[in-house]
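Structure first, commentary second.
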Amino acid sequence: MADKNNIPRLAVFPQTADVNKKGNLAIGGCDSVALAEKYGTPLYVFDETDIRSRCREFKEEFGKRYPGTIVSYSPKAFTAGAMFELVAEEGLELDVVSGGELAFALASGFPANRIHFPGNNKSREELELAVRERIGHIVVDNLPELNMLSNIADKRKVDILLRLNPGVDPHTHKHNATGIADSKFGLPKADWDEAVKTAMVEYNLNVDGLHFHIGSGLYEYQPYLNSLDEVLSYAADIKQKYKFKMNLLSIGGGFGAQYTVDAVPPTVASFAEAIIERFNSMCRELELETPKLMIEPGRKIVAQAGVALYTVGVIKEIPGVRTYVSVDGGMGDNIRQPMYGAVQEALVASRPADKDTKKVTISGKYCEAGDVLIKEIKLPELNAGDILAVAGSGAYCVPMSSNYNAALRPAIVFVKDGKARLIRRRETLEDLMIRDKEA
Ligand code: LLP
């Protein structure tokens with residue numbers, strides 16, 4: 001039987017990934033080849049044990065260094081009813097970014113007072129929904145939003161956080177840098193004072209604290225420390241100037257996940273260690289009362305828990321150029337390679353332990369030259385009909401999927417202890433046409 005220790009790539013697959021008696025890749029005790037057969041491909045498989053253990057890891061590692069840290073899951077990374085339920089069970093809060101995510105969470109029974117809502121261009125309707133539902137905090141992004149919100153809040157005291165853009169480079173892909181000065185997100189430094197002054201005089205807004213989120217996919221903790229320096233110094237400043245009391249500070253999400261065997265991000269523990277140490281020392285130095293702390297991880301909770309299964313179709317060998325292995329999905333269900341140059345690992349589901357012998361490009365089936373899932377990977381010899389399991393597919397793949405080329409979006413299953421449950425059925429042609437028919 002194949003020894004899983006001889007498969008280095010398993011390190012980026014879900015924690016329960018294994019090779020079963022048949023020699024197939026198993027996730028959550030379920031045979032991946034059998035899953036592909038039963039539910040069809042492309043199929044997104046999420047290891048429930050992996051997700052839960054990462055929720056707990058964030059709570060424990062931050063909580064033991066700074067008791068009471070609120071872990072607010074960012075569902076934009078993976079939005080699903082079953083996920084909202086899981087996250088509620090694990091005692092996390094939520095960081096939604098749209099009226100859609102908010103409505104979805106509420107419909108899934110997520111408690112409104114544990115939901116927080118950033119977003120750079122919220123509509124009046126979205127703010128009205130948030131106020132009506134009495135969510136935890138509206139994270140105000142800009143001055144026009146502040147004015148709109150104070151109109152909507154009417155006589156109610158609404159809890160808000162002010163999102164400050166600290167002007168810090170997070171050293172990540174430029175599409176994912178949200179806390180640099182040249183960004184549409186958060187209050188630019190020039191507006192900080194006006195926002196604080198305005199918000200504090202509005203009788204129906206309660207400025208509960210401050211917020212920043214500097215980017216996604218961070219492999220360093222230094223940018224968090226630089227942001228803490230900026231924002232905590234400012235908090236001390238406005239404590240003096242305006243008697244501002246910061247009850248809560250959110251430092252956003254952004255914690256990088258592991259996608260390849262070689263590029264290893266800091267662990268949750270080391271992110272927590274560095275961040276809490278700087279947070280405490282800055283608060284001490286500035287004589288600030290330590291506020292409650294909130295973090296908003298999305299990617300690191302789900303990225304490695306998700307595996308996408310595809311069926312290999314046409315293999316095109318272009319002598320002296322490249323071998324294209326096309327699968328039955330691609331940019332419609334995972335646009336991260338074309339969009340961010342993302343790199344992912346894969347295994348052949350029926351032969352995960354076989355030797356890698358051939359360098360190939362994994363391409364999709366969409367009518368676009370850039371429709372690539374994995375630019376270059378060495379795999380065992382592939383044949384049409386093989387099931388390819390792509391790791392690191394849990395974050396920002398399904399939520400960014402589209403119907404390009406009238407593709408049907410994939411089904412999703414949760415696996416745990418040898419059992420699989422369908423949490424979202426595959427889209428049908430009927431789904432695809434229904435809105436046109438009803439228009
Ligand atoms: N909080 C706020 C305010 C955010 O804007 C985000 C992500 C998060 C938390 C969660 O960040 P995470 O822990 O997941 O890094 N589509 C891109 C990622 C976009 C992230 C947007 N904001 C990708 O696939 O790389």
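Only heavy atoms go into these numbers, but all of them, side chains included; no hydrogens, no water, no symmetry mates. Numbering of ligands and ligand atoms starts at 1, following listing order.
Not a single N or O atom of M400, backbone or side chain, sits closer than 3.5 Å to an N or O atom of ligand 1. Polar contact check, G215 against ligand 1: no nitrogen or oxygen pair lies under 3.5 Å apart. For the pair R336 and ligand 1, the shortest N or O to N or O distance falls below 3.5 Å. For R299, a nitrogen or oxygen atom sits less than 3.5 Å from a nitrogen or oxygen atom of ligand 1, counting backbone and side chain alike. Backbone and side-chain nitrogen or oxygen atoms of E296 are examined, and one is located within less than 3.5 angstrom of a nitrogen or oxygen of ligand 1.
The closest side-chain donor-acceptor pair between D328 and T41 falls under 3.5 angstrom. There is a side-chain donor-acceptor pair under 3.5 Å between N226 and Q222.
Under a 4.0 angstrom heavy-atom cut-off, A77 registers as lying outside contact with ligand 1.
The atoms of ligand 1 that sit less than 4.0 Å from any heavy atom of P297 are 13 (O). Of all the atoms in ligand 1, the ones that sit under 4.0 Å from a non-hydrogen atom of G254 are 11 (O), 12 (P), 13 (O), 15 (O). Those atoms of ligand 1 that come under 4.0 Å of a heavy atom in G298, given as number and element, are 12 (P), 13 (O), 14 (O). Taking every non-hydrogen atom of R163 and a distance limit under 4.0 Å, the qualifying atoms of ligand 1 come out as 3 (C).
Heavy-atom contacts from other residues, nucleotides or ligands closer than 6.0 Å to CZ of R134 number 12 or fewer. For D154, the CG atom is densely surrounded, since the number of other residues' heavy atoms within 6.0 Å is greater than 12.
Under a 3.5 Å cut-off, the side chain of D333 and the backbone N or O of G330 do form a donor-acceptor pair.
Applying the salt bridge (Lys or Arg N to Asp or Glu O under 4.0 Å) test to K157 and every residue at least two apart in sequence or in another chain returns nothing. Here K122 pairs with E145 under the salt bridge (Lys or Arg N to Asp or Glu O under 4.0 Å) rule; sequence neighbours left out.
The side chain of K76, and not its backbone, has at least one atom closer than 4.0 Å to an atom of ligand 1 (non-hydrogen atoms only; side chain from C-beta on). By the criterion of a heavy-atom distance under 4.0 Å, the side chain of D95, and not its backbone, is placed next to ligand 1. For F185, no heavy-atom contact with ligand 1 is shorter than 4.0 Å. Looking at N176 against ligand 1, only its side chain comes within 4.0 Å, counting heavy atoms.
N403 contributes atom CG, which lies 5.0 Å from atom CG of L432 (distance to the nearest 0.5 angstrom).
With atom 14 (O) of ligand 1 as the reference point, the heavy atom nearest to it among Y340, F255, Y396 is part of Y396.
At the shortest separation from atom 15 (O) of ligand 1 among protein heavy atoms lies S216 OG, 2.4 Å.
In this structure, R114 is positioned above the aromatic face of F110, its NZ or CZ under 6.0 Å from the six-membered ring centre and within 45° of the axis.
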Next on the checklist: Does V302 form a side-chain contact (heavy atoms from CB on, under 4.5 Å) with Y73? I'd like the steps, not just the answer.
Outcome noted: CA-CA 10 Å; V302 285; Y73 168 65; 3.9 Å; yes
